[in-house]
Participant: 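Take this structure first; my questions come after.
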Amino acid sequence: FIELVREHRCIKAWFSGHFHLGQDNHGSITFPTIDSKDSPNNRGSCVFAQTSVMRSETTRDARQQSRLLRGNKHGFEICTVDHQKDGKIR
């Protein structure tokens with residue numbers, strides 16, 4: 001997938017939910033830091049975001065969260081929906 005992101009700069013966000021961990025972990029969202037196609041760490045212009053789970057039966061750390069993507073005039077923002085707190089958005 002990283003080659004797709006590098007090649008197609010129109011991809012601005014990539015979401016993955018395979019870890020079953022909450023979104024409060026320090027590595028749950030990664031922003032582009034290097035804008036050089038020659039760098040091995042090049043993430044293009046894409047944000048990588050891990051998503052948690054909504055059901056208590058599938059979580060590994062007791063969190064029940066999901067992501068909400070909101071468009072705005074500057075692009076988009078990625079929020080967290082906390083399903084243990086009646087869908088509170090932050």
Side-chain angles (χ1 to χ4, degrees):
F1 69 88
I2 192 67
E3 293 302 325
L4 287 172
V5 169
R6 289 176 180 159
E7 183 178 344
H8 302 283
R9 298 186 63 79
C10 59
I11 300 172
K12 300 299 180 190
W14 190 285
F15 296 86
S16 175
H18 298 285
F19 299 106
H20 296 262
L21 293 171
Q23 296 162 189
D24 299 323
N25 295 311
H26 70 281
S28 71
I29 190 162
T30 305
F31 299 94
T33 56
I34 298 173
D35 195 19
S36 169
K37 65 181 177 182
D38 300 322
S39 170
N41 295 323
N42 178 21
R43 297 183 197 109
S45 57
C46 184
V47 173
F48 292 90
Q50 171 186 318
T51 62
S52 186
V53 297
M54 294 171 53
R55 294 183 20 197
S56 61
E57 295 85 11
T58 57
T59 182
R60 290 173 45 195
D61 62 4
R63 290 182 173 88
Q64 293 170 253
Q65 302 166 324
S66 59
R67 297 282 188 188
L68 173 66
L69 186 64
R70 289 182 174 166
N72 59 41
K73 67 180 180 180
H74 302 290
F76 62 89
E77 63 180 334
I78 300 172
C79 305
T80 292
V81 179
D82 191 333
H83 299 283
Q84 291 173 314
K85 296 182 179 174
D86 296 322
K88 181 179 178 184
I89 297 173
R90 59 175 172 89

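When reading the values below, keep in mind they use all heavy atoms of this one structure, side chains included, and skip hydrogens, waters and symmetry mates.
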Participant: Please name all residues satisfying side chain to side chain donor-acceptor pair (under 3.5 Å) with Lys88, sequence neighbours left out, ordered by chain then number.
Facilitator: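 Testing Lys88 for side chain to side chain donor-acceptor pair (under 3.5 Å), a comparison that skips the adjacent residues, returns none.
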Participant: Would you list the atom pairs, donor with acceptor, under 3.5 Å between side chains in residues 69-79 and any protein atom, with sequence neighbours excluded?
Facilitator:
residue, atom, partner, partner atom, Å
Asn72, OD1, His74, N, 2.8
Asn72, OD1, Gly75, N, 2.9

Participant: Do Ile29 and Phe15 land in one hydrophobic cluster if side-chain heavy atoms of ILVMFWY residues count as linked below 4.5 Å?
Facilitator: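 They do share one cluster, since a chain of ILVMFWY contacts under 4.5 Å joins Ile29 to Phe15.
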Participant: Please list, chain by chain and in numerical order, all residues satisfying salt bridge (charged side-chain N to carboxylate O under 4.0 Å, His left out) with Glu7, sequence neighbours excluded.
Facilitator: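 Expected list: none.
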Participant: Give me the atom names and distance for the closest heavy-atom approach of Arg6 to Glu3.
Facilitator: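 The pair with the smallest heavy-atom distance is NH1-OE2, 3.1 Å.
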Participant: With sequence neighbours left out, write down each residue that passes side-chain contact (heavy atoms from CB on, under 4.5 Å) with Thr80, or none if nothing qualifies.
Facilitator: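 Listed in chain order: Gln23, Gln65, Arg67, Arg90.
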Participant: Any idea which heavy atoms bring Ile11 and Leu4 closest together, and the distance?
Facilitator: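 Here Ile11 and Leu4 meet closest at CD1-O, 3.9 Å.
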